[in-house]
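Below: one structure, written as structure tokens.
Counting starts at 1 for both ligands and their atoms, in listed order.
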Amino acid sequence: MIGRLNHVAIAVPDLEAASAQYAETLGAKVGAPQDEPDHGVTVVFIELPNTKIELLSPLGEASPIKGFLDKNPSGGIHHICYEVEDILAARDRLKDQGARVLGSGEPKIGAHGKPVLFLHPKDFNGTLIELEQV
Ligand SMILES: CC[C@@H](C(=O)O)C(=O)SCCNC(=O)CCNC(=O)[C@H](O)C(C)(C)COP(=O)(O)OP(=O)(O)OC[C@H]1O[C@@H](n2cnc3c(N)ncnc32)[C@H](O)[C@@H]1OP(=O)(O)O
Ligand SMILES: [Co+2]
């Protein structure tokens, strides 16, 4: 059911510093910051030849990454995003198998303008999973 790895997200305490490090120290192609108010984050995408890195910084008081950064003040890998062809079919299959779909359970539009859903990290070996319909 899952397809390609779309991105690996890293929560960072200082988005500007992390972006500069990827651009200057690691020599990567780094995009501009994008505010995503519906998701409570500001994101910067880094294009790699085979996937993307998504740097995440909290936006607003109710940001879903606030607790993670409180526990990991230097930042850390926050989630991985797999592509699926049919997000509603994927959601229903996962729910039937007992996985917890986060939030309302309905897909939201993600940073690439495509529907996304999140699965509880405790159901997937301590890894928060994002599904993106492509
Ligand atoms: C820009 C849009 C989009 C895109 O298109 O790419 C994005 O990527 S948006 C990214 C941000 N959005 C989300 O993360 C939405 C889904 N997340 C959530 O609903 C919550 O963050 C959460 C996963 C339910 C965690 O909520 P929180 O309140 O921070 O923590 P809890 O106390 O409920 O956590 C329970 C348990 O899980 C552990 N945990 C929390 N976050 C992670 C994580 N990222 N990876 C692994 N484990 C995680 C947490 O430590 C708790 O464990 P215990 O301490 O053992 O109980
Ligand atoms: Co993401």
Side-chain angles (χ1 to χ4, degrees):
M1 178 183 72
I2 58 169
R4 297 191 329 153
L5 175 67
N6 185 277
H7 60 267
V8 176
I10 303 174
V12 300
D14 183 336
L15 192 58
E16 202 176 324
S19 301
Q21 185 183 51
Y22 268 86
E24 289 153 28
T25 310
L26 294 174
K29 185 178 167 197
V30 176
Q34 283 170 235
D35 285 347
E36 299 288 343
D38 284 354
H39 293 276
V41 291
T42 302
V43 299
V44 166
F45 277 101
I46 296 156
E47 298 280 343
L48 303 182
N50 59 344
T51 190
K52 294 182 277 291
I53 301 297
E54 177 185 58
L55 301 179
L56 294 174
S57 175
L59 179 67
E61 285 306 305
S63 175
I65 70 166
K66 192 176 173 310
F68 182 91
L69 277 172
D70 286 345
K71 284 186 187 163
N72 305 279
S74 336
I77 294 179
H78 183 262
H79 66 265
I80 55 179
C81 177
Y82 298 122
E83 297 180 355
V84 292
E85 284 184 5
D86 182 338
I87 201 163
L88 295 180
R91 176 197 64 186
D92 293 345
R93 173 179 162 154
L94 286 156
K95 280 171 74 173
D96 283 349
Q97 292 181 73
R100 283 169 285 177
V101 177
L102 293 169
S104 70
E106 294 305 317
K108 285 163 88 170
I109 297 303
H112 303 117
K114 309 243 175 87
V116 300
L117 279 174
F118 288 86
L119 306 173
H120 201 288
K122 293 291 183 196
D123 294 340
F124 291 94
N125 314 294
T127 305
L128 176 61
I129 291 180
E130 178 181 1
L131 299 178
E132 179 174 311
Q133 181 170 290
V134 291

* To do: Considering only protein heavy atoms, determine whether one is less than 4.0 Å from atom 12 (N) of ligand 1.
  => yes
- Any protein heavy atom sitting closer than 4.0 Å to atom 28 (O) of ligand 1? no
**Prompt:** Can you tell me if E54 and H78 form a side-chain donor-acceptor pair at under 3.5 Å?
**Reply:** no
Applying side-chain contact (heavy atoms from CB on, under 4.5 Å) to E47 and not counting sequence neighbours gives K29, K52
The answer for which part of V41 has a heavy atom under 4.0 Å from ligand 1 is side chain
Note: ligand 1 atoms sitting under 4.0 Å from heavy atoms of V43 are 1 (C)
So is E130 polar-close to ligand 1, meaning N/O to N/O under 3.5 Å? yes
| message | Do H79 and L56 make a side-chain contact, defined as non-hydrogen atoms from C-beta onward lying under 4.5 Å apart? | response | yes
ask   = Any protein heavy atom under 4.0 Å from atom 31 (P) of ligand 1?
value = no
Query raised in the report: Any protein heavy atom sitting closer than 4.0 Å to atom 34 (O) of ligand 1?
Result: no
K71 heavy atoms within 4.0 Å reach ligand 1 at atoms 49 (C), 50 (O), 51 (C), 54 (O)
Is H39 in polar range of ligand 1, meaning some N or O pair under 3.5 Å apart? no
So for E36 against ligand 1, with non-hydrogen atoms under 4.0 Å, the contacting part is side chain
One should read off an interatomic distance between I2 CD1 and I129 CD1, to the nearest 0.5 angstrom, of 7.0 Å
Among N, O or S atoms, E54 approaches the Co ion (ligand 2) most closely through OE1
**Study point:** P64-ligand 1 polar pair, N/O distance under 3.5 Å
**Key:** yes
Atoms of ligand 1 under 4.0 Å from any heavy atom of H79, numbered from 1 in the order shown, are 8 (O), 10 (C)
